[in-house]
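Structure first, commentary second.
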Amino acid sequence: MPDAHILGIETSCDETGAAVVRSGQQILSNVVASQIATHQPYGGVVPELASREHLRAIVPVVRQALAEAGQTYESVDAIAVTQGPGLAGALLVGISFAKALAFALEKPLIAVNHLEGHIHAVLLEQRQSEKAELHFPVLALVVSGGHTHLYLAEVQENLWTYRNIGHTRDDAAGEAFDKVAKLLGLGYPGGPIIDRLAPHGDPQAVKFQIAQIKHRDRRDHKQGDQKQGDQKQFGHKQFDPKQPGAEEDGPHFDFSYSGIKTAVLRYVETQNLKPAIEARRQALAGIDEPTLEDCLRLCDRQTLNLVASFQRSMVNDLVMKTLAAAREYDVRTLFVSGGVAANRELRTTFEREAGMHGLPVLFPSRALSTDNAAMIAAAAFPKFLRREFVAMDFCADAGMSLR
Ligand code: KG4
Ligand code: ZN
């Protein structure tokens, strides 16, 4: 296998990332400039501000990534960039810069789907491990601020193919974390804050019901299949994502998280928590970089219990639906990636529950769970080997799907 140094560039949302990865497995540098401070006052990502921040950061971030890797513009073998999904204006900054570099340096240009990047964040680190053999089919849960998607993944001769077997019908899981944190006056982004506060509350205190989506394919399938999912053990049934009709056939496992956000809001209203929330919001706004102790000091027991109960419900739903899908499709390995995969309770629950069924579950390290460019450079490597390069007129694709 040839040695290749790929410069990856990621600007799909609110992190400007550049990284150099050798042959899809060794990270030589991975620089991320976060825009959290810019978006914090708005409680969410403001697209126009994100584009401007990317413009400001892109040149220094790429330079730093090359310098830390001991590489130069001339020495890298290819340039990889996120094509989508993401914010159109944000994607365009990375794409325009990557195109300019590729054109000026006469280097191949590789377009990468951001979701495939999240999946390759797992593969990147898995390739470095001693027990590197991977058993297929692989089921990947990509769970972030924009996505809660389940994919069956296969590879043949470096060609990775994906089949979507579930997605959120409304809010993504990360979005629910962010909105609930905002609702409780805890700041932005909500996931990491809720993750750290939850162990301080009682996860059984508030009962939340999360919508269970009935999919037509799922019901049809169950009627014709006497081996009901719950009793099934993990096996090694093969699937062919390229088979005609593969997209339409088979059971689906969809998610829905807008209801739990509304339930939290209703709880806040009926329990009259609003005055305390407003006081907390103002107090936290006055602190430059609030610590866990600051947040704890500003949260009463009832709020901590609410946070813990919300997180427990989210985690249980994500784990339960993913494992049901894993059983139904007889998968042999589970990947969990994307920003929410950094969540501690999600990791330990997946490990415990999947472990009980003898199903290996792989996560990226926490730093590679959230958006970064190393995962983009890693996902580009199989495409580099296949010489899957894009022409200079390729476009950003804000709603890009993965297949
Ligand atoms: O993958 P990512 O960096 O960006 C997207 O592609 O969306 O994911 C960001 C999302 C945010 O919603 C953030 O709140 C959530 O991931 N997140 C977490 C944690 N760290 C980040 N959610 C729960 N627990 C965490 N520790
Ligand atoms: Zn992401």
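One-based numbering, in listed order, for ligands and for the atoms of each.
For atom 13 (C) of ligand 1, the closest non-hydrogen atom of the protein is D178 OD1, 3.8 Å. Of the protein's heavy atoms, N343 ND2, 3.1 Å lies nearest to atom 24 (N) of ligand 1. Among protein heavy atoms, the minimum distance from atom 22 (N) of ligand 1 is reached at G191 CA, 3.2 Å. Here the protein heavy atom with the shortest distance to atom 4 (O) of ligand 1 is D371 OD2, 3.0 Å.
Each of the atoms 1 (O), 6 (O) of ligand 1 lies under 4.0 Å from some heavy atom of H118. Atoms of ligand 1 found under 4.0 Å from any heavy atom of G145 (numbered from 1 in listed order, with element): 5 (C), 7 (O), 8 (O), 9 (C), 10 (C), 12 (O). Residue contact check: G174 has heavy atoms under 4.0 Å from atoms 12 (O) of ligand 1.
Close placement of the F177 and F310 rings is indicated, their centers lying within 6.0 Å of each other.
Across the listed options A341, G339, G146, G44, G339 owns the non-hydrogen atom lying nearest to atom 21 (C) of ligand 1.
Ring planes of W160 and F136: tilted class, angle from 30 to 60°. Ring-plane geometry between H149 and H147 is classed as perpendicular, the angle between the planes exceeding 60 degrees on a 0 to 90 degree scale with a lower cut at 30.
When heavy-atom distances to ligand 1 are checked against a 4.0 Å cut-off, H147 has no atom that comes that close, whether in backbone or side chain.
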Under 3.5 Å, which donor-acceptor pairs do the side chains of residues 372-383 form with other protein atoms, sequence neighbours left out?
from: N372; atom 1: OD1; to: A374; atom 2: N; distance (Å): 3.0
from: N372; atom 1: OD1; to: M375; atom 2: N; distance (Å): 2.9
from: N372; atom 1: ND2; to: L368; atom 2: O; distance (Å): 3.2
from: N372; atom 1: ND2; to: T370; atom 2: O; distance (Å): 2.8
from: K383; atom 1: NZ; to: E116; atom 2: OE1; distance (Å): 3.0

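Using a 4.5 Å heavy-atom cutoff, the side chains of L304 and L296 are in contact. Taking 4.5 Å as the limit, some side-chain heavy atom of Q35 sits within range of a side-chain heavy atom of T16. Side-chain contact between D397 and P85 is absent, with no heavy atoms from C-beta onward closer than 4.5 Å.
Atom OH of Y73 sits in a crowded spot, with more than 12 heavy atoms from other residues, nucleotides or ligands closer than 6.0 Å. Within 6.0 Å of CZ in R366 there are more than 12 heavy atoms belonging to other residues, nucleotides or ligands.
At a 3.5 angstrom cut-off on N or O pairs, G338 does not count as close to ligand 1. At under 3.5 Å, a nitrogen or oxygen of H114, whether backbone or side chain, sits near a nitrogen or oxygen of ligand 1. Checked against a 3.5 angstrom limit, the closest N/O atoms of D195 and ligand 1 fall inside it.
Distances under 2.8 Å from the Zn ion (ligand 2) pick out the protein N/O/S atoms H114 NE2, H118 NE2, D371 OD1.
Ion pairing of D77 with K107 is absent here, as no side-chain N (NZ or NE/NH1/NH2) approaches a carboxylate O to less than 4.0 Å. Taking a cutoff of 4.0 Å between a charged side-chain nitrogen and a carboxylate oxygen, E269 and R266 do not qualify as a salt bridge.
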Practice task
Using the side-chain hydrogen bond (donor to acceptor under 3.5 Å, both in side chains) rule, take Q302 and Q271 through it: C-alpha gap first, then chi angles, then the decisive distance, then the call.
Solution key: CA-CA 9 Å; Q302 193 178 14; Q271 300 291 312; 2.8 Å; yes
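Using a 4.0 angstrom heavy-atom cutoff, E15 does not count as in contact with ligand 1.
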